Amino acid sequence: MQTQTINVQTGAPGVQHQLQVLCFGTAGPKATIQAALHADEVPGMLVAHCLRERLLKLEAAGALLGQVQLVPYANPMGLTQHLLGQHQGRFDLRDGINFNRNHPDLAPAVAAVVKDRLGDDPSANLVIIRAALREAAARLDATHPAQDLKNKLLQIAVDSDVVLDLHCDSQAVMHLYALTPHEALARELGALLGAHAILLATESGDSPFDEACSRPWYTLQQQFPQHPVPLACFSATVELRGEADTAHELAQHDAVAIIEFLRRRGIVAGTPQALPAALCEPTPLAGSEPITAPRAGVVVFRQEPGARLEAGTVVADLVDADSGAVQPLVSQSAGVLYARSATRWATPGKRLAKIAGNTLARTGKLLSP
Ligand SMILES: [Zn+2]
């Protein structure tokens, strides 16, 4: 294992945040796995800890056919952000911008470079595009530390065949997000991890990290239909259940599933095991139904994460402290309740729960703020 230390642009004299990249293997197909880009979502850091141990053993046994870059904490800035006793790891306290939004879109810069160089051979096109992606990522510059952090993370991951961004939700069952044209690989990963929901979109809005890695290939494929462009980077945001779900058994299970996924990608040696039975069918992210509080009140959930709901199910009651009214909040769609809020005081407009349905067709920005 080689350790690479990368300095993030400093925000003040005397302050230096650093990323560590643990590199296993030296050649062949590459995977990048990063944990806790939302710095208060720490189950991924525990999975990274399990992966480090397993990858060290695989490397020592000569069982790595490719390379794995492990970023055990992707947001050192966010790890330091505490406000009045609460960890604030989702948004940059400087400007309120979500650490997993507004990642650079390299597609326009790459398109300009490759437009006259693409040919009829998909593997040659892959090499040309990947080199252009590396160069475009290397040219990114930043005016503040959070933007620089996003640039550095993309520079690490940009030429990977597989990118897994490990997050979690507030209270949730295992679920993941990926690009619609990567449905087959998302199904494999979902079956191995035991996902209860697989949410697919060609663009979820606001450029989360997984899409900054995978979408340029899709964009170029759409832009140059006369040339074969492979979707050469599979990327997924993996939501490792809820923020309090740090258990050694769960983390070991998830690490085993990820290693098995890497084996299927030719990065880890050995014969892949048969896939476990899938717990869900993929659904469109546009069909994910937010259950939103229409007013302030005390939240009393009537359904647990993982529950399979019919349309018209009462998900929660909202109790109004002024009038004493109890308002049931009802799902419009059938589907799996894959995540819910961890707080029990609703402010008007707060998203309290999410249901993976396929009857809604939302438009615009599809992710939570
Ligand atoms: Zn997150």
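Remember, predicted model here, so these are calculated numbers, not experimental data. Each ligand, and each atom within it, is numbered from 1 in the order the structure gives.
Cluster partners of Leu250: none. The rule joins Ile, Leu, Val, Met, Phe, Trp and Tyr whenever side-chain heavy atoms lie under 4.5 Å apart, and it links nothing here.
Applying the side chain to side chain donor-acceptor pair (under 3.5 Å) rule to pairs touching residues 270-283 yields Arg187-Glu281, sequence neighbours excluded.
Shown here is Arg52, whose CZ atom has no more than 12 heavy atoms of other residues, nucleotides or ligands within 6.0 Å.
The Zn ion (ligand 1) has His38 ND1, Glu41 OE1, Glu41 OE2, His167 ND1 as protein N, O or S atoms under 2.8 Å away.
The ring pair (Phe, Tyr, Trp, His ring centres under 6.0 Å) test applied to Phe261 returns Phe234, not counting sequence neighbours.
Geometric assessment of Arg90 against the ring of Phe99 yields a negative cation-pi assignment under the 6.0 Å and 45° thresholds.
In summary, the side chains of Glu211 and Ser204 do present a donor paired with an acceptor at a separation below 3.5 Å, with no hydrogens or angles considered.
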